[in-house]
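First comes the structure, then the notes that go with it.
The shown structure was predicted, so the numbers you read here are calculated from the model rather than taken from an experiment. Indexing begins at 1, ligand by ligand and atom by atom, following the structure's order. The basis for the numbers below is simple: all heavy atoms, side chains too, and nothing from hydrogens, waters or symmetry mates.
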Amino acid sequence: MIAAAAAAFVLLLFPAVLAAGCYSSIFSFGDSLADNGNLLHIDGNHSAGFACLPYGMTYFGRPTGRFSDGRLILDFIAEALGLPLLPAYLDQRRVGGDFEQGANFAVAGATALDSSFFKERDIHNDFTNVSLGVEIRWFRQLLPSLCSSPSDKNSLMADCADTLQDSLIMMGEIGGNDYIYPIFQRRSLEEVKSFVPFVVATISSAVTELIELGARTLVVPGITPLGCHSAFLTEFQTQNVDDYDAGTGCLNWLNEFSTYHNSLLEAELQTLRGLHPHATIVYADYFAAIISILNNPNQFGFGNDTLVSCCGGGGVYNYNPRIECGSDGYSLCDEPSRCVIWDGLHMTEATHRIIAGGLLQGPFASPAIADACGLQSVVHSSTSRIVS
Ligand SMILES: *[C@@H]1O[C@H](CO)[C@@H](O)[C@H](O)[C@H]1NC(C)=O
Ligand SMILES: *[C@@H]1O[C@H](CO)[C@@H](O)[C@H](O)[C@H]1NC(C)=O
Ligand SMILES: *[C@@H]1O[C@H](CO)[C@@H](O)[C@H](O)[C@H]1NC(C)=O
């Protein structure tokens with residue numbers, strides 16, 4: 001069923017502007033799947049692999065802090081909605097950036113749970129101590145400047161609600177890193193599984209907080225199939241063929257873990273929909289999108305070596321933790337546009353484009369983002385109809 005649906009949407013020419021006028025702004029939270037320069041700004045280490053080419057080679061022609069060869073899912077969504085690519089909040093606020101049409105708070109390496117949760121358990125995050133709570137705090141700090149009359153607190157809240165009701169909120173992806181660190185640090189699967197309800201509850205509170213601030217359309221992605229990333233495939237490689245999915249070649253136990261998180265998240269979103277019937281809460285199925293691509297790579301324009309990273313340090317999956325993409329000695333595929341996976345944990349621009357298409361028009365979001373627009377009667381106008 002997913003394959004048939006995938007075939008249907010890949011045949012559509014993906015229009016540059018799908019639903020212009022739908023939303024006046026986008027606010028984005030999350031981790032490296034959505035970061036477009038925040039970690040680069042925090043880290044300031046311009047010799048780190050991701051701060052160097054070939055990151056950015058396909059679209060920007062320079063590294064931007066995005067963990068890909070080009071645009072992210074978020075970038076394609078902004079383009080399709082007729083909005084500019086979002087400013088990275090940390091990078092742009094120091095130069096007095098304009099956030100009228102949105103801001104991106106996502107930081108690569110961020111977790112949903114606060115950094116203290118991991119510190120208490122002696123789980124290390126070498127990239128950042130930013131969590132979803134920190135990103136939401138930045139958003140709350142920015143919000144008054146986006147609302148018209150910041151003098152009086154009551155009218156401030158009303159004005160901000162007006163501002164946010166026309167916004168699209170992209171809530172992630174977030175949560176993947178909460179598991180990636182402990183799994184790589186060889187914590188038992190049982191222990192890591194016990195984090196899932198806390199991660200889901202944290203995402204749920206963030207969604208609730210944004211709805212209370214006036215948000216009306218929120219897209220909440222699930223996590224990717226962890227067992228399909230070359231970092232995991234390399235680290236947990238086995239001789240046992242039963243550990244691998246025959247169709248995709250991904251590691252079953254890790255994909256089952258992703259499915260566990262995603263099913264709890266989906267159930268929680270269903271509860272939230274009941275509590276907030278005036279809000280549209282979209283589940284974005286990154287997992288199904290990626291599996292669908294891996295099962296039908298040629299149909300989407302990809303080659304057959306789907307699980308081999310385009311950029312990495314060699315080996316079966318072109319991944320080596322000691323030779324990062326962008327650092328000395330990495331190897332690069334000939335055609336990034338024919339590769340699904342970019343580096344150990346991230347996807348190519350080509351993959352992002354397809355996922356974004358499946359979120360905007362379906363089948364990987366329900367309701368599809370372009371349709372969710374029509375559900376917002378306040379925003380809705382004749383210009384906000386889907387053109388294709
Ligand atoms: C910057 O990144 C490079 C490459 O990862 C690393 O060797 C170096 O130690 C880093 N420098 C600092 C100051 O963190
Ligand atoms: C994160 O680290 C920065 C710099 O080391 C520090 O200033 C900040 O207070 C920390 N934040 C949290 C939430 O731990
Ligand atoms: C992928 O493999 C299939 C089956 O072996 C083959 O028919 C197809 O031509 C291959 N596609 C590419 C792009 O190599």
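- Considering Y55, Y319, Y330 as possible partners of W342, the one that fulfils the ring pair (Phe, Tyr, Trp, His ring centres under 6.0 Å) test is Y55.
- Defined by atom type and a distance below 3.5 Å, a donor-acceptor pair is present between the side-chain atoms of N104 and S28.
- Classification of the F139-F105 ring pair by plane angle, with boundaries at 30° and 60°, yields perpendicular.
- At least one N or O atom of N129 sits closer than 3.5 Å to an N or O atom of ligand 2.
- In the displayed structure, D305 atom CG is contacted under 6.0 Å by at most 12 heavy atoms of other residues, nucleotides or ligands.
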Could you list each N/O atom of ligand 3 together with any protein N/O atom closer than 3.5 Å, one pair per line with the distance?
from, atom 1, to, atom 2, distance (Å)
ligand 3, 2 (O), N304, ND2, 2.3
ligand 3, 11 (N), N298, OD1, 3.1
ligand 3, 11 (N), N304, ND2, 3.0
ligand 3, 14 (O), N304, ND2, 3.4

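- Under the 4.0 Å criterion applied to side-chain N and carboxylate O atoms, D91 and R94 are assigned as salt-bridge partners.
- The pair E235-R186 meets the salt-bridge criterion, since a charged nitrogen lies less than 4.0 angstrom from a carboxylate oxygen.
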